[in-house]
Amino acid sequence: LLDYDRCINDPYLEILESMDNKKAQRYEAVKWVLVFAIGVCTGLVGLFVDFFVRLFTQLKFQVVQSSVEECTEKGCLALSLLELLGFNLTFVFLASLMVLIQPVAAGSGIPEIKCYLNGVKVPGVVRLRTVVCKATGVLFSVAGGLFVGKEGPMIHSGAVVGAGLPQFQSISLRKIQFNFPHFRSDRDKRDFVSAGAAAGVAAAFGAPIGGTLFSLEEGSSFWNQGLTWKVVISRKEELTVPILTLGTFLFCSMAATFTLNFFRSGIQFGSWGSFQLPGLLNFGEFKCSESDKKCHLWTAVDLGFFILMGIVGGLLGATFNCLNKRLAKYRMRNVHPKPKLVRVLESLLVSLTTTVMVFVASMVLGECRQMSPSRHGGNDTLSLQDVSEDVNASIKTFFCPNETYNDMATLFFNPQESAILQLFHQDGTFSPVTLSLFFLLYFLLSCWTYGISVPSGLFVPSLLCGAAFGRLVANLLKSYIGLDHIYSGTFALIGAAAFLGGVVRMTISLTVILIESTNEISYGLPIMITLMVAKWTGDFFNKGIYDIHVNLRGVPLLEWETEVEMDKLRASDIMEPNLTYVYPHTRIQSLVSILRTTVHHAFPVVTENRGNEREFMKGNQLISNNIKFKKSSILTRAGEQRKRSQSMKSYPSSELRNMCDEHIATEEPPEKEDMLQQMLERRYTPYPSLYPDQSPSEEWTMEERFRPLTFHGLILRSQLVTLLDRGVCYSESQSSASQPRLSHAEMSEDYPRYPDIHDLDLTLLNPRMIVDVTPYMNPSPFTVSPNTHVSQVFNLFRTMGLRHLPVVNAVGEVVGIITRHNLTHEFLQARLRQHYQTI
């Protein structure tokens, strides 16, 4: 798990003390430069993927298309099929090899990034090897003819760039390291990963604002999703969004968009600096023919059809998710436990089936359509001469006479982006039978494909399925109801939004992404309504596809808020009362035992509440130091007022002076050093369970295990391991002031891969040495009362990005701790059932 809370310990306070306005401004300037570099690098990754996808796809289709044209007359179509199989199987095999090198590169990567931004670290998800295998693998997957997209992996790639670039080091390139001590915490890394993910969305769709909203919607803990959706729909309210964070996300997205746009425009059109291609996926321009005065992109009457399409899209998306979930479970039981070669064979089987189905459907099931500019309705779209050159150039004429073309081959024997443009901007060119078969094949094959061991995205297949569904609805409305005013491109877009929303259940960011991709602001309301209806309909049956895959992996992902009935529970009902803790001054052998026998990430720093502590101070230096720290850390109102009064040049009144004098008079006189030394020389045997030299034992009684403990702070496992690794300790015959001090840079030098306790060589350390953890613990972590309602606990935990939340009672005693596990839906449901049974 990741910890986004800031540890305010002594090394961090030293940095704050040395910080002034100039240093803070330089720090922010470096941050903005790194954000810009992340955007540029993400754009270059997108350029690399797009360039080779176009190169390999054009090579494949040129060879196969010329073979089909020759074999149409000679009767050797089987040879054309073998050529297509040769290309596709080779590319898919190479994509599977990338996943064998780095298994986490499989899939779209969006579930893994959602987990990371939510506070759960998936091993290897942001490594350099991952982005190399992801980018290389996805270009082979798309070029191999699989029904996958490259937009989802772009989001993952951008997140990896954001995670690695500010660190200036990589485990894959151990020799390349720079001394850059800044931004070395989970909190800072989370911000850069969010910026990188936003840049990935912006590069994929040419939607910088949509990318910014994607990172806020999916990852930022301070972002209120429900409130934002209401604000977008109805009115303006105050949102707690840090402007600086929002600005960095948007700046990074803009850098990625314009970097990709600059290079793509120069490479494809030779016009450097013209910025003609904003993203990897371009929807084209939606507009009616200038000669048709009755045409409208959409009308108020169409909103009723859009709502119905949203309902159908939600049902189709729920069906897609249900089938894919069953396939994923089957793979987990029968494919993943077997040798890795089986996963490669499964990918090749999917590629073989997809290639044969596409080839047969294009050659047998396609219809020959007239290339004339005539329109069925006569008033809703452009003629073929008016549409873009890309749409015209992608028409295929397999097995069709002159002036006609094969509508099925036009959709299947083209890159996916060209197929989307055909569905959005061609009118009267696809028969209802063709659209139905295309939708059915794409639905089933993309459902089967998502989850195999290749890098793959789901946005483009979902858009194609939905666009075919929308065009089918438009054709039926015009043919059987006579609604001649319908613009087929609008219905194709709404169908794409409905199906995509039913599958992924994204709302705010997806709305803005589609609006930016169409460059038509008037589509905002219908897209928003359609996505909302599709999400509500799909949520009635199951979760979104990414959440389903997260749950299948058993990741404790926290939702935006808890259910209403969970407020019947309190913090004391869900906390873990059996604590593993350390003392302010603890022996090395005790720390090593605790670290080796537990897997906890943090430990409360406590002292015990005993009425006869003065007698225990006679034992040894260890007990004396712990009790001294406890007494010095207790704050009283009278004591604080006395310190403030003593710092004043003159007392405000005689009453204040009298109050302070009375308090001083009643204060116990401090003990003399010689008296303390005499007590230490007596060497009384300490209380056996007061400050144990070993970790808590199962042999302890209930009173020993759950004794009252005064809470002083939290110390992280990584901090304890660092202290032991660097020999930070002092002997019992010395003062704790003789213990070496570590700076903040030294404490975070090994981030993010701190050494493991089992790998440390502790032979040079005396196990009886004492470690003073108080300078390195967090003395002021977030805490809650045992009576706090679960909704308040959940909101604090989720909003602040916590990993541990101590439960402290009214007298400052720690009574339990709450972790992410205690806030999962399953755990809360189990505690709620126990609550009902006790009523």
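Note that this is a predicted model, so its numbers are computed, not measured.
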J.: Does D539 pair with R505 as a salt bridge, N-O distance under 4.0 Å?
T.: yes
J.: Quick test of your reading of the model: are R331 and E346 salt-bridged, counting only N-O distances below 4.0 Å?
T.: yes
J.: Testing the basics here: between P755 and V721, what is the closest heavy-atom pair and its distance to 0.1 Å?
T.: O-CG1, 3.2 Å
J.: In chain order, what residues pass the salt bridge (Lys or Arg N to Asp or Glu O under 4.0 Å) check against R717, with sequence neighbours excluded?
T.: none
J.: Below 30° counts as parallel, above 60° as perpendicular, anything between as tilted: where do the rings of F469 and F439 land?
T.: tilted
J.: Do P208 and M254 have side chains that approach each other closer than 4.5 Å (heavy atoms only, starting at C-beta)?
T.: yes
J.: Closest approach of M408 and L437, non-hydrogen atoms and distance?
T.: CE-CB, 3.8 Å
J.: When you look at L464 and F443, which way does the side chain to side chain contact (heavy atoms under 4.5 Å, CB included) test go after all the steps?
T.: CA-CA 9 Å; L464 276 169; F443 182 92; over 6 Å; no
J.: Just do the side chain to side chain contact (heavy atoms under 4.5 Å, CB included) check on L146 and V350 with the steps written out, would you?
T.: CA-CA 8 Å; L146 293 177; V350 173; 4.1 Å; yes
J.: Under 3.5 Å, is there a donor-acceptor pair between the R820 and N118 side chains?
T.: yes
J.: If you define the side chain from C-beta out and look only at heavy atoms, does anything of K134 sit under 4.5 Å from V45?
T.: no
J.: Any salt bridge linking E417 with R54? Criterion: basic side-chain nitrogen under 4.0 Å from a carboxylate oxygen.
T.: no
J.: If you take all heavy atoms of S351 and V92, which pair is closest and at what distance?
T.: OG-CG2, 3.5 Å
J.: Once the angle between the rings of F412 and F438 is folded into 0 to 90°, is it parallel (under 30°), tilted (30 to 60°) or perpendicular (over 60°)?
T.: tilted
J.: Checking S157 side chain against P153 main chain: does a donor-acceptor pair fall under 3.5 Å?
T.: yes
J.: Answer yes or no: is there a donor N or O on one side and an acceptor on the other, between the side chain of S67 and the main chain of V63, under 3.5 Å?
T.: no
J.: Go through L423 and L435 one step at a time and tell me if the side chain to side chain contact (heavy atoms under 4.5 Å, CB included) criterion holds.
T.: CA-CA 10 Å; L423 291 171; L435 291 173; 3.8 Å; yes
J.: Looking at OG1 of T42 and CG of L47, how far apart are the two atoms once the value is rounded to the nearest 0.5 Å?
T.: 12.5 Å
J.: Answer whether the closest heavy-atom distance between the side chains of L463 and I420 falls below 4.5 Å.
T.: yes
J.: Of all heavy-atom pairs between E516 and G210, which one has the smallest distance, and what is that distance?
T.: OE1-N, 2.7 Å
J.: Is it the case that the side chain of T824 and the backbone of H821 share a donor-acceptor pair, with hydrogens and angles ignored and the cut-off at 3.5 Å?
T.: yes
J.: Taking all non-hydrogen atoms of both residues, which atom of I101 and which atom of C133 are closest, and how far apart?
T.: CG2-SG, 3.8 Å
J.: Does the plane of the ring in F140 sit parallel, tilted or perpendicular to the ring in F56? Use 30° and 60° as the thresholds.
T.: parallel
J.: Can you tell me how far the CG atom of N88 sits from the OG atom of S141, to the nearest 0.5 Å?
T.: 11.0 Å
J.: Which side-chain hydrogen bond (donor to acceptor under 3.5 Å, both in side chains) pairs, counting each pair once, include a residue from residues 449-467, with sequence neighbours left out?
T.: S108-Y450
J.: Kindly indicate whether the side chain of R127, heavy atoms from C-beta on, has any atom under 4.5 Å from the side chain of V160.
T.: no
J.: List the steps and the verdict of side chain to side chain contact (heavy atoms under 4.5 Å, CB included) for K150 and L139.
T.: CA-CA 7 Å; K150 55 181 179 289; L139 71 88; over 6 Å; no
J.: Is any side-chain heavy atom of V342 closer than 4.5 Å to a side-chain heavy atom of H336?
T.: no
J.: I want to check something: taking the side chain as every heavy atom from C-beta on, are I513 and L213 in contact at a cut-off of under 4.5 Å?
T.: no
J.: As an exercise, state the distance from CZ of F541 to CG of L315, rounded to the nearest 0.5 Å.
T.: 5.5 Å
J.: Under a 3.5 Å cutoff, is there a donor and acceptor pairing between the side chains of Y754 and E749?
T.: no
J.: Mind jotting down which residue pairs meet the ring-ring contact (aromatic ring centres under 6.0 Å, His included) criterion with at least one end in residues 111-132? Sequence neighbours excluded, please.
T.: none
J.: Looking at E112 and K121, does any basic side-chain N land under 4.0 Å from a carboxylate oxygen?
T.: no
J.: Going by ring-ring contact (aromatic ring centres under 6.0 Å, His included), F459 matches just one of F205, F214, F499. Which one?
T.: F205
J.: Determine the minimum heavy-atom distance between L327 and W448, stating which atoms define it.
T.: CD1-CA, 3.7 Å
J.: From the options T130, V99, V126, select the one residue that forms a side-chain contact (heavy atoms from CB on, under 4.5 Å) with V104.
T.: T130
J.: To the nearest 0.5 Å, how far apart are OG1 in T259 and CZ in F262?
T.: 9.0 Å
J.: Quick one: NZ on K325 to CZ on F320, what's the gap to the nearest 0.5 Å?
T.: 15.0 Å
J.: Nearest 0.5 Å please: distance from the CG atom of L444 over to the CZ atom of F147.
T.: 10.5 Å
J.: Is N551 close to K543 at the side-chain level, that is, under 4.5 Å between some pair of heavy atoms?
T.: yes
J.: Please confirm whether the backbone N or O of A419 pairs with a side-chain atom of N414, one donor and one acceptor, at under 3.5 Å?
T.: no
J.: Answer whether the closest heavy-atom distance between the side chains of H156 and I110 falls below 4.5 Å.
T.: no
